[in-house]
Amino acid sequence: MPVYYDIIHTTCYRYASPVTFGEHRVMFRPRDSHDQRVLATDLQVSPEAVVRMIQDPHSNSVALVTPLGAASELKIVCSFTIEHAEGLYPELQLSPSALIFPFAYSVEERFDLEHYMRPHHDDPDGVLTHWARQFMRTDGPTGTRDLLLNMNQFIRDHFGYAQREEEGTQTPLQTLQCGTGSCRDFALLMMEAVRRLGVATRFVSGYLYDQALDGGSDGGTFGAGATHAWLQVYLPGAGWVTFDPTNNLLGGNCLIRVGVARHPSQASPISGNWFGAGNAYLGMTATVQVRRVMPNA
């Protein structure tokens with residue numbers, strides 16, 4: 001049975017005196033797919049703005065927002081109602097050729113996946129590669145499913161979660177060194193580690209539903225109340241498979257996809273510029289509310 005969610009994503013920029021604004025790229029709208037469908041959407045901008053909708057090279061929905069006039073506050077409120085199918089695949093129905101690691105993609109798959117297989121960050125001393133290879137068995141064949149699940153769980157169990165407000169993402173080597181990170185840091189760490197093993201991965205940004213927000217039991221979920229990040233791994237026979245190393249999740253309908261990209265920098269929820277006094281900027285607040293709702297009769 002599908003589940004239904006109401007999502008409200010609010011972002012507010014504050015300034016000490018009125019400023020003017022350039023174009024802002026807003027990536028908030030969930031991606032429509034076979035397991036996820038947007039039923040209603042609304043975008044409110046203050047001050048009044050011109051809005052254009054486009055699709056980027058990854059087929060993400062992007063709103064190009066150009067506020068009109070000067071203001072001391074820019075507020076963007078996006079609201080959605082979505083339907084999400086169960087989307088559970090604990091057994092990972094892989095092609096026989098991909099059951100044991102390492103495996104090889106077909107020639108056609110490699111053409112399409114090339115950019116997702118190429119590491120983005122340098123590993124000059126092989127530290128990340130060595131870390132990734134610890135999940136390969138030395139006493140027999142390594143199951144592809146087991147390798148990925150073990151890496152996913154290892155990050156959750158051995159790294160400390162630390163929400164960071166500043167922009168950008170730690171490099172994988174920085175995350176390994178400090179042992180802490182945000183959801184996007186953990187997603188990038190696992191992405192780059194898996195790429196070092198020759199497997200295609202991509203970054204995913206979106207929203208996370210936590211039952212505790214609706215009065216349910218608190219399962220120690222990290223990343224709710226803000227935008228969340230995880231990754232997808234392309235596996236023959238299963239396609240793009242979702243892994244959330246922050247919460248040790250494999251698939252599931254509590255992860256709501258918004259944007260996919262080769263690197264986190266391509267999936268920023270909002271980016272843009274403003275013009276005014278250099279000391280005018282006071283700060284930004286962003287909140288995400290995800291509530292499970294009953295479908296309309």
Excluding sequence neighbours, so at least two apart, what forms side chain to side chain contact (heavy atoms under 4.5 Å, CB included) with [X]?
{"X": "Ala286", "result": "Thr11, Met284"}
{"X": "His130", "result": "none"}
{"X": "Asp32", "result": "Arg29, Arg37, Val38"}

Specify whether His263 and His121 have parallel, tilted or perpendicular ring planes, treating 30° as the upper limit for parallel and 60° as the lower limit for perpendicular.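 It falls in the tilted class, 30° to 60°.
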Plane angle bin for Trp274 and Tyr281 - parallel if under 30°, tilted between 30 and 60°, otherwise perpendicular: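 Tyr281 vs Trp274 ring planes: parallel.
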Look at atom CD of Gln55 and say whether more than 12 heavy atoms of other residues, nucleotides or ligands are closer to it than 6.0 Å.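 Counting other residues, nucleotides and ligands, CD of Gln55 exceeds 12 neighbours.
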Can you name the closest pair of heavy atoms from [X] and [Y] and give their distance?
{"X": "Gln170", "Y": "Asp185", "answer": "N-OD1, 2.8 Å"}
{"X": "Asn247", "Y": "Arg156", "answer": "CA-NH1, 3.4 Å"}
{"X": "Met27", "Y": "Ser268", "answer": "CB-O, 3.8 Å"}
{"X": "His84", "Y": "Leu255", "answer": "NE2-O, 3.1 Å"}

Take Gln177 and Leu173 through the test side-chain contact (heavy atoms from CB on, under 4.5 Å) and record every step on the way to the result. CA-CA 6 Å; Gln177 182 178 26; Leu173 295 181; over 6 Å; no
Do [X] and [Y] have side chains that get closer than 4.5 Å, going by heavy atoms?
{"X": "Cys254", "Y": "Asp210", "answer": "no"}
{"X": "Glu192", "Y": "Arg195", "answer": "yes"}
{"X": "Pro172", "Y": "Leu188", "answer": "yes"}
{"X": "Glu73", "Y": "Ser46", "answer": "no"}
{"X": "Arg262", "Y": "His58", "answer": "yes"}

Using ring centroids (six-membered ring only for Trp), state whether [Y] and [X] fall under 6.0 Å.
{"X": "Phe135", "Y": "Phe154", "result": "yes"}
{"X": "Phe21", "Y": "Tyr15", "result": "yes"}
{"X": "Tyr207", "Y": "His9", "result": "yes"}

What residues, two or more places apart in sequence or in another chain, satisfy side-chain hydrogen bond (donor to acceptor under 3.5 Å, both in side chains) together with Tyr13?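 Checked Tyr13 against side-chain hydrogen bond (donor to acceptor under 3.5 Å, both in side chains); zero matches.
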For Asn248, which residues count as a side-chain hydrogen bond (donor to acceptor under 3.5 Å, both in side chains) partner, sequence neighbours excluded?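 Scan of Asn248 (side-chain hydrogen bond (donor to acceptor under 3.5 Å, both in side chains), adjacent residues dropped) gives Asn152.
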Could you measure the distance from the [atom1] atom of [X] to the [atom2] atom of [Y]? Nearest 0.5 Å is fine.
{"X": "Cys178", "Y": "Phe159", "atom1": "SG", "atom2": "CZ", "value": "8.5 Å"}
{"X": "Leu197", "Y": "Phe101", "atom1": "CG", "atom2": "CZ", "value": "4.5 Å"}
{"X": "Ile54", "Y": "Leu64", "atom1": "CD1", "atom2": "CG", "value": "4.0 Å"}
{"X": "Arg257", "Y": "Trp230", "atom1": "CZ", "atom2": "CH2", "value": "8.0 Å"}
{"X": "Gln266", "Y": "Ser205", "atom1": "CD", "atom2": "OG", "value": "11.0 Å"}

Side chains of Arg25 and Ser271: any donor to acceptor distance under 3.5 Å?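 Judged by distance alone, the side chains do not pair up.
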Can Asn60 and Asp56 be counted as having a side-chain donor-acceptor contact under 3.5 angstrom?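 Yes.
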Cluster link [X] to [Y], ILVMFWY, side chain under 4.5 Å:
{"X": "Ile76", "Y": "Leu282", "result": "no"}
{"X": "Met136", "Y": "Phe103", "result": "yes"}
{"X": "Val51", "Y": "Val62", "result": "yes"}
{"X": "Val50", "Y": "Val26", "result": "no"}
{"X": "Val199", "Y": "Phe111", "result": "no"}

Report the residues that fulfil salt bridge (Lys or Arg N to Asp or Glu O under 4.0 Å) with Glu114, sequence neighbours left out, ordered by chain and then residue number.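 Glu114 satisfies salt bridge (Lys or Arg N to Asp or Glu O under 4.0 Å) with Arg118 only.
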Before you tell me yes or no, could you show the steps for Tyr116 and Tyr234 under ring-ring contact (aromatic ring centres under 6.0 Å, His included), namely the whole-Å CA-CA distance, both residues' side-chain angles and the distance that decides it to 0.1 Å? CA-CA 9 Å; Tyr116 298 110; Tyr234 191 85; 9.1 Å; no
